[in-house]
Amino acid sequence: MPGIGVRYDLTTRENRLLSVIAHRDGDRTLSAYRKEDPDECALSTRLTAGEAEALVGVLMPSHHSPNLLSTTELGLVAERIELSSTSYWNGRVLGETRMRTETGVSIVAVLRRAEAIPSPTPDFRLAGGDELIVIGTREGVDSAAAILGRV
């Protein structure tokens, strides 16, 4: 969802559609759709980042690994940024973006079709449709999205 964030959809075992929109500002919109008409939204509520984190805490199994890094506790965010096929960077190498120098953001992986490319090197060639997994401050990630969105 260019300019808004990323939408995640889930169909439950009971064939109910749920979606979460992860907004760039950290808020989340949680929506549930009617079983008999999956195009009709039955509930939609916008959650602040803190409310979303509290909900995750309630849903997270108590046996989750304490070794997993929670970036929000460190003042960092991790997001997916999709590279448009009309982006200036489509077909160019990652190093040309000067992403870390300009924004302080690290691109930790690229998702391309069904493949994950961890730790892409500066000579990695970007392609339209790539989803870049980035970690940095909220401001840095917003700046990275603006740079990658350049046409």
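Computed from heavy atoms alone, side chains included, the values below leave out hydrogens, waters and symmetry copies. This chain uses plain numbering: 1 for the first residue, then up along the sequence.
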Given side chains that start at C-beta, do those of [X] and [Y] come closer than 4.5 Å, heavy atoms only?
X      : Y      : answer
Ser143 : Val105 : no
Arg24  : Val77  : no
Leu30  : Leu55  : yes

Go through the steps for Leu126 and Arg92 under the test side chain to side chain contact (heavy atoms under 4.5 Å, CB included), then give the verdict. CA-CA 6 Å; Leu126 298 168; Arg92 298 183 186 270; 5.7 Å; no

Going hydrophobic residue to hydrophobic residue with side-chain gaps under 4.5 angstrom, can you get from [X] over to [Y]?
X     : Y      : result
Tyr33 : Ile21  : no
Val93 : Met99  : no
Trp89 : Ile117 : yes

Measure the spacing between [atom1] of [X] and [atom2] of [Y] and express it to the nearest 0.5 Å.
X      : Y      : atom1 : atom2 : value
Leu10  : Leu17  : CG    : CG    : 8.0 Å
Ile133 : Ile107 : CD1   : CD1   : 10.5 Å
Ser84  : Asp130 : OG    : CG    : 11.5 Å

Exceeds 12 heavy-atom contacts within 6.0 angstrom, atom CD of Glu36: yes

Counting heavy atoms not belonging to Arg100, are there more than 12 under 6.0 Å from its CZ?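 Atom CZ in Arg100 is not packed in, count stays at 12 or less.
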
Nearest non-hydrogen partners of Leu47 and Ala52, listed with the distance: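 Here Leu47 and Ala52 meet closest at CB-N, 4.1 Å.
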
